[in-house]
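Remember, it's 1-based here, ligands and their atoms both numbered in the order they're listed. Computed from a predicted model, the values in this text were never measured in an experiment. The figures here come from the full heavy-atom set of this structure, side chains too, leaving out hydrogens, waters and symmetry mates.
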Amino acid sequence: MQFVSLNPVTKNRKMSATKYVFVTGGVTSSLGKGIIAASLAKLLQARGYKTTIQKLDPYINVDPGTLNPYEHGECYVTDDGAETDLDLGHYERFLNVKTSQANNVTTGRIYQSVIEKERRGEFLGKTVQVIPHITNEIKERIQLLGKTGEYDIIITEIGGTVGDIESLPYIESVRQLKWELGDNNAIVIHLTLVPYLSAAGELKTKPTQHSVKTLMESGIQADILVCRTEHELSDEIKEKLALFCNVKREAVIQSIDASTIYDVPIMMQDEGLDTVTLKKLGLSDATPPDLTQWNEFLDRHKHPKSEVTVGLIGKYVELQDSYKSILESFIHAGAINEVKVNVKSIHSEYITNANFEKKMKGLDGILVAPGFGERGIEGKVKAVRYARENGIPFLGICLGMQMAVIEFARNVLDLKGANSTEMDEETPYPVISLMEEQKSITNKGGTMRLGAWDCELKEGSLVQKVYHGKKDISERHRHRYEFNNDYKEQFEKAGLIASGINTETNLVEIIELPDHPWFIGVQYHPEYRSTVASPHPLFVGFIKAVLVHKKQQTNASLA
Ligand code: GLN
């Protein structure tokens, strides 16, 4: 997105005058700070301001790579191989701009870096303390992206809730930065909850008042309040909030529950979040946001012409956030195909010989999800077999691709007991195994094949068609185990071909079955690259195939 230089306020601004918007949360967690931050960024971007978002997470893990998906949802991976918070996925999906390691900082990483500096003697014998050493490190990280000169506005989301012990150094860093950068250069948006008490039939402002007060105890006056609510806030309530929280009336923004997260930018525009932000930053709001493409997407998403049901076979299905990027990719691909994609989550652990036909019945497509460890893999193998034998469109992602290889080895090549060495070290047929370099690694954090890797597509393959005839692609990875090339010839002879290869390492990136209507397994994660502006071709192609399959089934049953 080009920066609009016609803007009189920003035209003469020096590169260093990047503006900062901090987003804090109050009252409870899970209010959707990430979506509000991404929506505001979208509106500012659509006005021509170069905008990016970063997330500061107050936990002590160095990155979320080692966190259980049940606890923290999906781990999102960037091009540069950073394992990050899932909110970065929202940022990329909304903005269509890539993020990197610099966009996600955790307390663990801050401390790690301060401790390393201490060991190197960089503090010259001083006592190393939270203030100033930890806060200085936080401030430096916050300004890292700003100092590149690439952005007009940096939005920084502070994880956690104001008042938490863990958040204190971050809040103090925001206070210092606000003071150092001065008025109009740094503002704070506080996201709170205005609960509805049904017994009293009333919306309550007190939790917000307390939360704003807690922020003030740390020396920060919120500039803008975004109030999550299930009911419309009356003018009276907005005025009350303004008066008691010491903000302007126009800076009290209602954020009512939305039917889709993709409505939120439009709702925030209606409420004037972007204009009040620009005003407070001393930037022009003369250019209205151009949301043509966004609105076209919303229109298609909301008015599908048909619907399909896709089975998502995984073991973390209880928590929707575990497969966030996959679910969002289906929304993008559904909109472009003008079809509603109903995702039926199926727990792979509960798929048995006795019930798998019943569970798979009625699915127009099958996606076998990524994952780690042994639990639930036999269910995944059964799902693959069902898709393969019944000509149902199949997409296997990472572990899902590995399961497709194992299923083919066992049931077509007749290699009994074929497996991945991740699940069975003693397997007689290790069709998926560790690369030599990985064998000596014992640390779990950050030791996988991570980030963007190149892949060359096979001439004339299905996947090449799916990628619109391209020869070279690059996709993001997060895994340890690989297709074992010792078996490649055997597979190819029997009809499972390697249609994508990383030519540098000779690692297999994509497999497909040319004799099947649509059967593709990818070692990488296409879901991390799908955005509203640019839906991922694999998901778009998969949903197209699912639609065709459904039509054929319907026609066959009518005939
Ligand atoms: N567990 C597999 C591996 O490490 C697959 C990982 C994944 O699905 N992301 O190779």
Original post:
Any chance the side chains of Y76 and T99 put a donor and an acceptor closer than 3.5 Å?
Top reply: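 No, because no side-chain N or O of Y76 sits under 3.5 Å from a partner of the opposite role on T99.
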Subject >> N342 versus K340, side-chain donor and acceptor atoms under 3.5 Å >> reply: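 A pair is found: one side chain offers a donor N or O, the other an acceptor, under 3.5 Å apart.
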Subject >> Sub-4.5 Å side-chain heavy-atom contact between V310 and L363 >> reply: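 They are not in contact (no side-chain heavy atoms under 4.5 Å apart), so the answer is no.
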**OP:** Give a yes/no verdict on whether any heavy atom in Q402 is under 4.0 Å from an atom of ligand 1.
**Re:**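 A heavy atom of Q402 does come that close to ligand 1.
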Original post:
Do any heavy atoms of Q523 fall under 4.0 Å from ligand 1?
Top reply: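 No; Q523 lies far enough from ligand 1 that no heavy-atom distance drops under 4.0 Å.
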**OP:** Indicate, as side chain, backbone, both or neither, the part of E482 found under 4.0 angstrom from ligand 1 when only non-hydrogen atoms are considered.
**Re:**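 For E482, there is no contact with ligand 1 at all, from either part.
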Subject >> R480 contact mode with ligand 1 (heavy-atom cut-off under 4.0 Å) >> reply: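 The answer is both, backbone and side chain.
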Which of the numbered atoms in ligand 1 are under 4.0 angstrom from any heavy atom belonging to [X]?
X: E422; result: 1 (N), 2 (C), 3 (C)
X: C398; result: 5 (C), 6 (C), 7 (C), 8 (O), 9 (N)
X: H525; result: 9 (N)

Subject >> Option among F542, Y262, F94 that satisfies the ring pair (Phe, Tyr, Trp, His ring centres under 6.0 Å) test with H332 >> reply: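 Checked F542, Y262, F94 against H332; only one passes ring pair (Phe, Tyr, Trp, His ring centres under 6.0 Å): Y262.
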List the closest protein heavy-atom neighbour of [atom]: residue, atom name, distance to the nearest 0.1 Å.
atom: atom 5 (C) of ligand 1; result: G371 O, 3.3 Å
atom: atom 9 (N) of ligand 1; result: R478 O, 2.8 Å
atom: atom 10 (O) of ligand 1; result: Y481 N, 2.8 Å

**OP:** For side-chain contact (heavy atoms from CB on, under 4.5 Å), just list the numbers for L434 and E482, CA-CA rounded to whole Å, side-chain angles, deciding distance to a tenth of an Å, and then say yes or no.
**Re:** CA-CA 6 Å; L434 271 190; E482 305 283 350; over 6 Å; no
Subject >> side-chain contact (heavy atoms from CB on, under 4.5 Å) partner of I346, chosen from I366, V368, I351 >> reply: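 Exactly one pass, corresponding to I351.
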Subject >> Sole residue of M423, E422, K315 in side-chain contact (heavy atoms from CB on, under 4.5 Å) with E374 >> reply: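 Going through the options one by one, the only one that passes is M423.
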